[in-house]
Amino acid sequence: MNLVIALVGRPNVGKSTLFNQMTRSRDALVADFPGLTRDRKYGEGNYENQRFIVIDTGGLMGDELGLDTAMAKQSLQAVEEADIVLFIVDGRAGVMPGDRVLADQLRRSGKHAHLVINKTDGQDPNLVASDFYALGFQSQFRIAASHNRGVRSMLEILLPTPEEDADIDGAHNHPGIRIGIVGRPNVGKSTLVNRMLGEERVVVYDLPGTTRDSIYIPYERMGQEYTLIDTAGVRRRKNVREVVEKFSIIKTLQAIDDAHVVILVIDAREGLVDQDMHLMGFVLSAGRSLVIAINKWDGMNGEDRDKVKEQIRRRLDFLDYADKHYISALHGSGVGVMYESVNACYESAMAKWPTNRLTTILEDAIAQHQPPMVHGRRIKLRYAHQGGSNPPTIVVHGNQTDSLPGAYKRYLENSFRKVLAVTGTPIRFEFRSSENPFAHKVNRMTPRQKVKKDNDEKKGGGKPKKARQKSLKR
């Protein structure tokens, strides 16, 4: 499960700046005046292959009125959603009355909160921190968000180690193949879940937003264990108004990360829309296997069906490895066949390949099409081995791999995908360059080489041999 980190504090203490640093983006507006952020903003961070969700909030003062009251509710809701709360304070301004009020509210919430002293650049951090001990926080970080100082060390302490992360996942683990059902509201996700289960297990109603939380349902089919995850529909951010719906979005994103295979449900009668593409992008960035289900296929005439197929073929040309099923969740047509795709995706995502086989595929690909030359030297790729599963990761070792163009990387991915018969799941490549052991050594001439060089210079009238040859040519 991804950790959820909420950033709270008074206005203009640097919450949005820290949000941008943690997510490595510019999604949050930053300016030198208070009150710029009013609504909650969600972002995804990734540090040392550990993914987490960050929530940026509006500033809190403790005595809000009017519009500020609505902003305060948004911020307090973010605290409820979060696993970790970062209480941001301004190191230059010192302890303010609003800081004391917020500290009391955080203590009453019972959440695991940490004090983050921002804007410590150009000051003595120990002297700045001494004023804030009165707030009573045991955990304290000193950073300069605008210069990204102290942010990495803070994340190292906050995020769980791989062993702790495994324990967390094990506590919430569910048996068998975990299948996440995602899509926009009212596309038929819950109907599809009931059809796959063969019973009315979740509430179905012709109203967007019926499902609020992610529901994990374990079951068995033909001797194979599965866990279906029914999720809330995700709308465009500008259309999200209700507090509960914003909470549901986090649960959906966590469910995608927790699944082995994700079934993206698309409404055939509305066609492929931009929000479907955004959801698809999040699934692929999470590295999860993908099966596309085009629902409500029943009752459409031949001309409309051809239009939908052409649109999907044109816009999803880059996803030729993902299986696409045209189904009717209401009547059950085409639903049973999806299990074949789900099983194939799971096998591909969790496959293990020996190093000698991967190296052989790499050598064959190079023999067919060599890497390009950079600065007069051919890029060399020596061997490959597997670096992980779900998604399958292949590590390629060689020289000058940083200069390998994107087109050649895609060629390698297609070559490995074809030979290994990988279906439904993205393949990630890591390219590592070997260090040159002689890079930092000075090439010193032997005494014999020095004597030969002196003799050559004397014979050539003080000119080295190469310069003498050039003068003769002229």
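None of these values were measured; they are calculated from a predicted model.
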Is there side-chain contact between R24 and N148, with at least one heavy-atom pair below 4.5 Å? no
State, yes or no, whether a side-chain contact exists between V54 and F52 at a heavy-atom distance under 4.5 Å. yes
Taking every non-hydrogen atom, the tightest pair across S139 and F141: OG-CE1, 3.5 Å
Rounded to the nearest 0.5 Å, how far apart are CD1 of I427 and CG of L420? 6.5 Å
Geometric class of the F87/F137 ring pair [parallel <30°, tilted 30-60°, perpendicular >60°]: tilted
Does the salt bridge (Lys or Arg N to Asp or Glu O under 4.0 Å) test come out yes or no for D121 and R92, once each step is laid out? CA-CA 9 Å; D121 46 316; R92 295 175 184 171; 3.2 Å; yes
My understanding is that only residues two or more places apart in sequence, or in another chain, count here; which of them pass side-chain contact (heavy atoms from CB on, under 4.5 Å) with S389? K352, Q386
Identify whether the distance between the nearest side-chain nitrogen and carboxylate oxygen of D274 and R184 falls below 4.0 Å. no
Verdict with supporting geometry, V396 and R432, side chain to side chain contact (heavy atoms under 4.5 Å, CB included): CA-CA 6 Å; V396 179; R432 300 178 183 175; over 6 Å; no
After noting the C-alpha distance and the side-chain angles of S348 and T423, does the key distance pass the side chain to side chain donor-acceptor pair (under 3.5 Å) rule? CA-CA 6 Å; S348 295; T423 180; 5.7 Å; no
Would you say that H112 contacts V85 through its side chain, given a criterion of any heavy-atom pair below 4.5 Å between the two side chains? no
Just wondering, do K324 and L316 contact through their side chains at under 4.5 Å, heavy atoms? yes
Would you sort out whether V116 and V89 count as a side chain to side chain contact (heavy atoms under 4.5 Å, CB included), showing the intermediate values? CA-CA 6 Å; V116 179; V89 295; over 6 Å; no
If you apply the rule side chain to side chain contact (heavy atoms under 4.5 Å, CB included), what do you find for I266 with L272, and how did you get there? CA-CA 7 Å; I266 297 172; L272 192 63; 3.4 Å; yes
Is D258 close to I256 at the side-chain level, that is, under 4.5 Å between some pair of heavy atoms? no
Keeping the roles fixed (side chain from T191, backbone from L330), state whether a donor-acceptor pair exists under 3.5 Å. no
To the nearest 0.5 angstrom, please state how far the CG atom of L319 sits from the CZ atom of R313. 14.0 Å
Can you tell me if Q138 has over 12 outside heavy atoms packed within less than 6.0 Å of its CD? no
Contact summary for A293 and I327, nearest pair of heavy atoms: CB-CD1, 3.9 Å
Could you walk me through whether N399 and R382 pass the side chain to side chain donor-acceptor pair (under 3.5 Å) check? CA-CA 8 Å; N399 287 346; R382 291 191 170 87; 3.1 Å; yes
Considering only heavy atoms from C-beta outward, does the side chain of Q140 approach that of H114 to under 4.5 Å? no
Rounded to the nearest 0.5 Å, what separates atom OG in S433 from atom NZ in K380? 13.0 Å
Consider side chain to side chain contact (heavy atoms under 4.5 Å, CB included). Of T393, I394, T355, which one does H385 pass it with? T355
Hey, could you give me the CZ/CE distance between R195 and M338, rounded to the nearest 0.5 Å? 12.0 Å
What I want to find out is whether R288 reaches D257 closely enough, with some N-O distance under 4.0 Å, to be called a salt bridge. yes
Could you tell me whether a side-chain N or O of N118 sits under 3.5 Å from a main-chain N or O of A145, the two making a donor and an acceptor? yes
Could you tell me whether the side chain of H325 reaches within less than 4.5 Å of the side chain of I292, counting heavy atoms only? no
Got a list of side-chain donor-acceptor pairs under 3.5 Å for residues 404-416, not counting sequence neighbours?
residue : atom : partner : partner atom : Å
Y408    : OH   : H369    : O            : 2.6
Y411    : OH   : A365    : O            : 2.7
E413    : OE2  : R417    : NH2          : 3.3
N414    : ND2  : R410    : O            : 3.2
S415    : OG   : Y411    : O            : 2.9

Can any side-chain N or O of K111 pair as donor or acceptor with the backbone N or O of A82 at less than 3.5 Å? yes
Pair K296 + E270: basic N to acidic O under 4.0 Å: no
Closest approach of T231 and A255, non-hydrogen atoms and distance? CG2-CB, 3.7 Å
Atom of N390, atom of A259 and distance for their closest heavy-atom approach: ND2-O, 4.2 Å
Scanning both residues in full, the closest heavy-atom pair of K15 with D56 reads CB-OD1, 3.7 Å
Any donor-acceptor pair under 3.5 Å from D83 side chain to V4 backbone: yes
Between Y346 and T425, is any pair of side-chain heavy atoms under 4.5 Å apart? no
Suppose the criterion is salt bridge (Lys or Arg N to Asp or Glu O under 4.0 Å): which pairs have a residue in residues 132-156, not counting sequence neighbours? E48-R152
Between S289 and A349 (side chain of the first, backbone of the second, donor and acceptor by atom type, cut-off under 3.5 Å), is there such a pair? no
Are the side chain of T120 and the backbone N or O of I143 linked by a donor-acceptor pair below 3.5 Å? yes
Is R221 positioned over the aromatic face of Y339, cation under 6.0 angstrom from the ring centre and no more than 45 degrees off axis? yes
Please check this pair: side chain of T401 against backbone of G398, looking for a donor-acceptor N/O pair closer than 3.5 Å. no
One thing to verify: whether R10 and D90 come together as a salt bridge, which I'm taking to mean a side-chain N less than 4.0 angstrom from a carboxylate O. no
What's the separation between atom CG in L115 and atom CG in L106, rounded to the nearest 0.5 Å? 10.0 Å
Please report the shortest heavy-atom distance between A322 and L290, naming the atom on each side. CB-O, 3.7 Å
To the nearest 0.5 Å, tell me how far N194 CG sits from M196 CE. 11.5 Å
Expected output: side-chain D99 to main-chain M96 donor-acceptor under 3.5 Å: yes
Would you call E430 and R428 a salt bridge, using N to O less than 4.0 angstrom? no
Would you please test I117 and I88 for side chain to side chain contact (heavy atoms under 4.5 Å, CB included) and show each step? CA-CA 6 Å; I117 305 173; I88 320 296; over 6 Å; no
